[in-house]
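A short worksheet on the structure shown next.
Throughout, a chain's letter reflects where its sequence line sits, starting with A, and its residues are numbered from 1.
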Amino acid sequence: MQRLPDKQSPFASLRRDTPGDLVFKALLALCCVLVLLLTLYPIYFVVIASVSSPDLVSTGQVWLFPRDLSWFGYEQILADDRIWNGYRNTLLYAVAGTALNLLVTMPAAFTLSRREFRPRRVLMFFFAFTMFFSGGLIPMYLLLRDLNLLDNWLVFILPSAVNVFNLIIARSFFEHSLPEELHEAASIDGANYFQFFLKIALPLSMPILSVIGLYYLVQHWNDFFTGLVFVRDYSLQPLQIVLRDILISNQAFSGGAGGAGGAGAGSYAQQYADQIKYGVIVVSTLPVIVLYPFLQRYFEKGVMIGAVKG
Amino acid sequence: MTSAATARTAGGLAPRRAPGPVHRLKRHFRRYWQLWVMVAPAVAFVAVFAYVPMYGLQLAFREFDFAAGITGGDWVGLKYFQQFFDSPQFWTLLRNTVVISVSTLAAGFIAPIALALMVNQVLGRRRKKFLQTATYLPHFISIVVIVGMLQVFLSPTSGLITRVAGLFGVDDANFLGSASAFVPVYVLSEVWQHAGWNSIIYLAALSSVDPQLYEAAKIDGAGRFSIIRHVDVPALVPTMIVLLILNMGNVLNTGFEKIFLMQNPLNLGVSEVIATYVYKIGILSNQFSYATAIGLFNTLINFAFLVVANQIAKRVSNTSLW
């Protein structure tokens with residue numbers, strides 16, 4: 001039978017909707033709308049709240065559209081050095097980190113995908129074991145201390161150089177999408193492994209390179225743990241630590257607003273602090289959200305490839 | 001470890017003329033040195049940043065000695081484990097950890113399945129795609145921002161969710177400051193953030209169901225719900241088992257970062273878990289040996305659960321990780 005793009009369509013075309021079908025469809029539509037609302041509305045609300053008058057937001061008068069546009073929050077954010085310093089640090093760590101990640105992960109994944117390479121099983125175990133067992137926080141801390149990586153920007157990129165999950169995804173990709181004939185043909189032409197990898201395998205694996213590149217990039221962008229545990233020097237801290245201080249620890253802004261940690265609920269300062277928070281959420285999450293529609297098919301592809309049991 | 005292992009696998013080749021092991025090793029490296037060069041950096045990074053800390057676990061059985069380093073302190077056996085089991089926090093930490101992780105695992109296991117079954121019913125590729133894409137958007141928001149959003153949405157009187165709850169007759173709810181709300185808030189926000197992402201894999205499994213099965217079921221007079229039950233759900237079982245086993249290895253793993261960020265003096269009674277306690281004892285108060293012992297206890301329990309779950313799955317369904 002010819003495969004139809006949607007599996008439900010065969011019966012839809014076979015006969016008319018019964019009352020039961022109608023009820024089912026109505027329930028389904030209701031559930032879908034509910035799920036969409038629950039997922040997207042909070043994000044939408046953050047965006048409109050960040051540009052509406054704080055008074056109206058805090059008294060619940062902003063629901064669907066921004067009201068009484070106010071850029072107070074963004075003005076405060078623009079004037080705050082910490083956020084931009086954090087932004088710059090995070091950009092640096094994310095770009096340098098992802099470059100190192102790919103440089104280390106892709107060749108290793110290639111080696112692990114070569115069937116004629118006997119030690120690959122042992123090596124696979126060597127990598128996979130670390131997914132289920134680890135030394136834990138303190139031995140890691142002491143190791144990084146001994147390596148002089150505490151309070152050192154390299155701590156943001158070196159320990160996370162290899163993500164075993166991404167390594168396995170890339171390996172599965174090489175295994176399933178590089179035909180053996182390709183390697184045979186290349187070796188008949190006298191290509192060695194380096195040449196085969198660089199000239200044939202890598203150009204063919206741009207999809208997977210983008211997928212795991214994105215995974216690594218998001219991982220670096222959202223990394224909070226490293227800064228929290230291993231870094232004291234505030235000038236090195238990434239965006240996420242700065243966000244924590246503003247969003248959760250309620251640290252005061254340079255303009256004096258925002259420091260409403262202990263203030264009574266509904267107080268004047270609280271409203272302005274909240275508006276700054278909405279703005280900070282938008283500013284920090286914007287890169288991911290803006291790129292998202294363009295990148296989402298890559299993200300999904302990664303899950304699919306990773307799901308292939310190898 | 002690697003070189004010994006190499007020798008062993010190379011020995012498994014059993015060649016015709018059986019040259020000496022040294023000779024075979026030489027031949028192996030002559031043929032494959034480039035592959036070794038490509039995998040070497042990854043091996044080195046994992047060896048240093050994953051296996052050296054594992055070696056450092058012996059600190060759990062030693063007295064930490066600042067001058068002698070990780071492995072130089074006096075051997076004290078199980079002293080620190082005993083200290084942990086005897087400490088008044090032990091049962092509280094264990095209970096909190098298990099409650100948070102088990103409820104997260106349960107909700108986080110069911111929600112993506114339900115979502116996938118629902119999205120799969122939607123007619124039309126584009127609508128389906130949109131629904132799917134929209135639901136996994138929150139997966140990429142950072143934990144700090146998620147907790148920040150929780151704080152503004154749940155803030156007493158002015159928060160969005162607090163006001164919505166007010167419409168339903170829950171007045172002046174303080175979700176952030178109450179111990180009983182901590183676990184539900186944590187679990188629901190986890191589901192909100194990750195259900196869409198985790199449903200991708202189930203949707204892929206559903207899209208590979210043979211359309212003839214649906215038609216056959218339809219001809220047999222099956223209604224929509226019984227098609228879901230008898231065709232869709234069975235198609236998901238292998239994926240469910242693999243994910244369930246993987247999750248079992250995380251029974252005592254709670255999201256350290258999120259819990260840590262959500263902690264406040266009012267909810268500490270239910271929100272202090274092993275991971276946050278290790279951080280506080282180890283990093284903040286420098287009791288390295290004690291914190292290592294607690295961390296090792298956590299890791300071992302997880303590992304045991306993973307192995308047991310894998311064995312059970314192997315027996316029951318022939319689906320397993322190894």
Side-chain angles (χ1 to χ4, degrees), chain A residues 1 5-8 10-11 24 28 31-32 36 39-40 45 58 60 104 107-108 110-111 114 117-119 122 127 130 132-133 135-143 159 161-162 192-194 218 222 224-225 229 240 243-244 247-248 265-266 274 277 281 284-285 288 292 296 300 303-304 307, chain B residues 5-6 9 32 34-35 38-39 41-42 45-46 49-50 52-54 56-57 59 70 118 121-123 125 131 133-135 137 140-145 147-149 151-152 156-158 160 163 200-201 204 211-212 214-215 218 224 249 257 261 278 282-283 288 291-292 295-296 299 303 306:
Chain A
M1 188 195 131
D6 192 291
K7 298 179 312 293
Q8 299 296 317
F11 344 129
F24 181 87
L28 183 66
C31 288
C32 290
L36 273 180
T39 314
L40 296 182
F45 182 81
S58 70
V104 174
F110 175 77
T111 291
R114 299 311 310 166
F117 186 63
R118 293 281 185 133
V122 186
F127 286 114
T130 63
F132 304 112
F133 198 88
L137 182 65
I138 304 304
M140 187 68 171
Y141 180 83
L142 295 171
L143 170 71
V162 185
N192 59 29
Y193 280 117
F194 285 161
V218 172
N222 289 343
F224 162 70
F225 185 82
V229 181
Q240 298 301 329
L243 290 179
R244 193 269 310 252
L247 292 176
I248 297 161
D274 280 352
K277 289 182 182 181
I281 291 173
S284 65
T285 316
V288 180
Y292 180 76
Q296 54 92 3
E300 228 171 274
V303 177
M304 301 305 181
Chain B
T6 313
T9 20
Y32 294 125
Q34 293 186 330
L35 290 179
M38 284 194 263
V39 80
F45 273 112
V46 170
F49 292 112
V52 171
M54 280 187 221
L57 277 172
L59 188 59
I70 302 177
M118 185 190 92
Q121 292 298 319
V122 174
L123 294 178
R125 257 177 85 81
L131 193 58
T133 308
T135 49
L137 174 63
F140 297 99
I141 299 176
S142 78
I143 292 176
V144 179
V145 168
V147 179
M149 283 169 75
Q151 298 228 336
V152 282
T157 69
S158 70
L160 177 68
R163 278 187 279 119
I200 295 176
I201 192 167
Q212 294 184 26
Y214 289 109
E215 289 193 25
K218 197 76 180 173
R224 284 176 184 266
E257 297 170 46
L261 288 169
V278 168
I283 305 291
F288 291 136
T292 308
L296 179 56
T299 309
F303 197 67
L306 177 76

Of all heavy-atom pairs between [X] and [Y], which one has the smallest distance, and what is that distance?
X: A:Leu36; Y: B:Ala134; result: CD2-CB, 3.6 Å
X: B:Val145; Y: A:Ser284; result: CG2-OG, 3.6 Å
X: A:Phe132; Y: B:Phe303; result: O-CD1, 3.6 Å

Of the listed residues ([options]), which shares the most heavy-atom pairs with chain B below a 4.5 Å separation?
options: A:Cys31, A:Gly136, A:Pro159; result: A:Pro159
options: A:Val229, A:Val104, A:Ile248; result: A:Ile248
options: A:Phe194, A:Phe127, A:Phe224; result: A:Phe194

Next item on the list: Could you walk me through whether A:Leu247 and B:Gln151 pass side chain to side chain contact (heavy atoms under 4.5 Å, CB included), step by step?
Entry: CA-CA 8 Å; A:Leu247 292 176; B:Gln151 298 228 336; over 6 Å; no
Notebook entry, point to check: Could you state the interatomic distance from OG1 (A:Thr285) to CE (B:Met149), rounded to the nearest 0.5 Å?
Noted result: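 The CE atom of B:Met149 is 8.0 Å from OG1 of A:Thr285, to the nearest 0.5 Å.
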Note to self: If I take atom CG from residue A:Asn192 and atom CD from residue B:Gln34, how far apart are they, to the nearest 0.5 angstrom?
What the structure shows: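 One gets 4.0 Å once the value is rounded to the nearest 0.5 Å.
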In terms of heavy-atom proximity below 4.5 Å to chain B, should [X] be classed as side chain, backbone, both, or neither?
X: A:Tyr193; result: both
X: A:Arg114; result: side chain
X: A:Leu40; result: side chain
X: A:Phe24; result: side chain

Note to self: Test of understanding: with side-chain contact (heavy atoms from CB on, under 4.5 Å), list the residues that count as partners of B:Thr135, not counting sequence neighbours.
What the structure shows: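 Expected list: A:Val35, A:Thr39, B:Leu115.
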Checklist line | Partner residues of B:Val278 under the side-chain contact (heavy atoms from CB on, under 4.5 Å) criterion, sequence neighbours left out | finding: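 In terms of side-chain contact (heavy atoms from CB on, under 4.5 Å), with neighbours along the sequence ignored, B:Val278 is linked to A:Leu137, A:Ile138, B:Ile274, B:Ala291, B:Ile294.
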Note to self: Please identify, among B:Pro41, B:Gly282, B:Ala42, the residue contributing the most non-hydrogen atom pairs under 4.5 Å to chain A.
What the structure shows: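 Looking at each option in turn, the highest pair count goes to B:Ala42.
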Notebook entry, point to check: Most heavy-atom pairs under 4.5 angstrom with chain A, which of B:Ala50, B:Ser142, B:Gly56, B:Gly295?
Noted result: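 The option with the most such pairs is B:Ser142.
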Check: A:Phe117 vs B:Tyr32 aromatic rings, parallel, tilted or perpendicular, using cut-offs 30° and 60°?
Finding: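 The arrangement is perpendicular - the two ring planes meet at more than 60°.
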Next item on the list: Anything under 30° is parallel, anything over 60° is perpendicular, the rest tilted; go ahead and classify A:Tyr141 against B:Phe288.
Entry: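 Rings of A:Tyr141 and B:Phe288: tilted, as their planes differ by 30° to 60°.
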Margin query: With heavy-atom distances below 4.5 Å as the criterion, would you say the side chains of A:Cys32 and B:Met118 are in contact?
Written below: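 Yes. Closest side-chain heavy atoms under 4.5 Å.
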Margin query: Is any side-chain heavy atom of A:Gln240 closer than 4.5 Å to one of B:Ile143?
Written below: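 The answer is no, as the side chains (C-beta and beyond) never meet within the 4.5 Å cut-off.
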Margin query: Whether the side chain of A:Thr111 engages the backbone of B:Leu35 through a donor-acceptor N/O pair (distance < 3.5 Å, no angle test) should be reported.
Written below: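 Yes, A:Thr111 side chain to B:Leu35 backbone: donor-acceptor pair under 3.5 Å.
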[X] versus chain A, heavy atoms under 4.5 Å apart: side chain, backbone, both or neither?
X: B:Phe140; answer: both
X: B:Leu59; answer: side chain
X: B:Val52; answer: side chain

